[in-house]
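Because the structure is predicted, anything quoted here is derived from the model rather than measured.
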Amino acid sequence: MKIRAATGADHHAIWNIFHETIATGDTYAFDPKMSREEALAYWFRAGTHTYVVELDRQSVGEADGFPGTATPSATASKQDRRIVGTYILRPNQSGGGSHVANAAFMVAGSARGQRIGRAMAEHCLDEARRMGFRAMQFNFVVSTNAPAIHLWEQLGFRIVGTLPAAFHHPEKGYVDVYVMYRSLLT
């Protein structure tokens, strides 16, 4: 598994993951019909650090610490690797709030359950600290997204606010949204 900064060559793979993730309308407050151009403009907007996760296509064994994934060989060509996840990292606000980071994560459906999200989250926390952020906040965590909430809590995030019925879930109706926060100083 390799997590690296995204490039223009990754746009197609990122769009596929982005579209697959938002099409269901159950985890992000994006329009499920958002265009490719709008999605990529959002994911690559100024001040945003965009990353991807690459896996070696040929390996389906286990890499150290990441069950179900494989470490790409040093000689693997670009065609032997596939993008299975992407995340963005940026300031949550400008000015006086710019020391608090914000991030968003998406994993390809075919790669879920392989600890890709955890690897990206850990990488993101390290990157945020390296960039000098003092905390991280997620502004809009849909309360029905149990896997994400569980991961964030395992990584030290706390629910610091609830927005009652703030998200219109396509199957469950109006559901709560959480604001989650953690310090990066400890």
Side-chain angles (χ1 to χ4, degrees), residues 1-7 10 14 17-18 21-22 24-31 34 38-54 65-66 69 83-108 111-169 174-186:
M1 177 184 308
K2 178 180 180 182
I3 300 176
R4 61 168 175 79
T7 68
D10 300 317
I14 290 170
I17 294 168
F18 192 101
T21 302
I22 70 164
T24 57
D26 62 354
T27 57
Y28 277 96
F30 294 118
D31 180 350
M34 179 184 250
E38 291 171 311
L40 292 174
Y42 178 84
W43 215 245
F44 284 90
R45 81 177 190 205
T48 298
H49 303 274
T50 305
Y51 300 86
V52 293
V53 179
E54 284 183 334
F66 299 104
T69 66
I83 305 296
V84 296
T86 183
Y87 82 86
I88 57 173
L89 173 63
R90 60 175 63 139
N92 191 45
Q93 301 292 327
S94 61
S98 63
H99 63 284
V100 177
N102 178 257
F105 304 82
M106 295 185 180
V107 177
R112 292 192 185 126
Q114 298 181 38
R115 301 176 60 92
I116 305 296
R118 174 175 288 278
M120 286 193 298
E122 290 171 352
H123 185 272
C124 180
L125 290 169
D126 288 344
E127 284 292 283
R129 283 186 195 96
R130 185 184 65 76
M131 292 176 189
F133 288 107
R134 297 173 55 86
M136 185 171 289
Q137 178 175 316
F138 301 137
N139 301 319
F140 209 87
V141 181
V142 179
S143 63
T144 55
N145 190 351
I149 294 164
H150 180 71
L151 175 59
W152 304 143
E153 287 177 334
Q154 284 183 329
L155 293 175
F157 286 84
R158 293 181 302 113
I159 295 171
V160 296
T162 300
L163 309 174
F167 183 76
H168 189 208
H169 191 284
Y174 292 97
V175 299
D176 293 349
V177 168
Y178 301 135
V179 177
M180 299 188 77
Y181 177 91
R182 73 155 284 172
S183 172
L184 297 177
L185 299 179
T186 57

Judged by atom type as modelled, is there a donor-acceptor pair below 3.5 Å linking the side chain of [X] to the main-chain atoms of [Y]?
X	Y	value
Thr48	Phe44	no
Asn145	Val142	no
Thr162	Pro164	no
Thr50	Trp43	yes
Asn102	Gln137	yes

What are the two closest heavy atoms between [X] and [Y], and how far apart are they?
X	Y	answer
Ala121	Leu155	CB-CD1, 3.4 Å
Leu184	Ala128	CD1-CB, 3.6 Å
Met120	Gly85	SD-C, 3.8 Å
Ala101	Leu89	CB-CD1, 3.7 Å
Gly156	Arg182	O-CB, 3.4 Å
Thr24	Thr21	OG1-O, 3.4 Å

Is the [X] to [Y] ring centre distance short of 6.0 Å?
X	Y	value
Phe105	Trp152	yes
Tyr174	Phe167	no
Tyr28	Phe140	no
His123	Tyr51	yes

### Task
Show your working on ring-ring contact (aromatic ring centres under 6.0 Å, His included) between Phe30 and Phe18 and close with a plain yes or no.
CA-CA 10 Å; Phe30 294 118; Phe18 192 101; 5.1 Å; yes
### Task
Kindly state each residue pair satisfying salt bridge (charged side-chain N to carboxylate O under 4.0 Å, His left out) with at least one member in residues 133-159, sequence neighbours excluded.
none
### Task
Starting from the C-alpha separation in whole Å, work towards a yes-or-no answer on ring-ring contact (aromatic ring centres under 6.0 Å, His included) for Phe138 and Phe157.
CA-CA 9 Å; Phe138 301 137; Phe157 286 84; 4.6 Å; yes
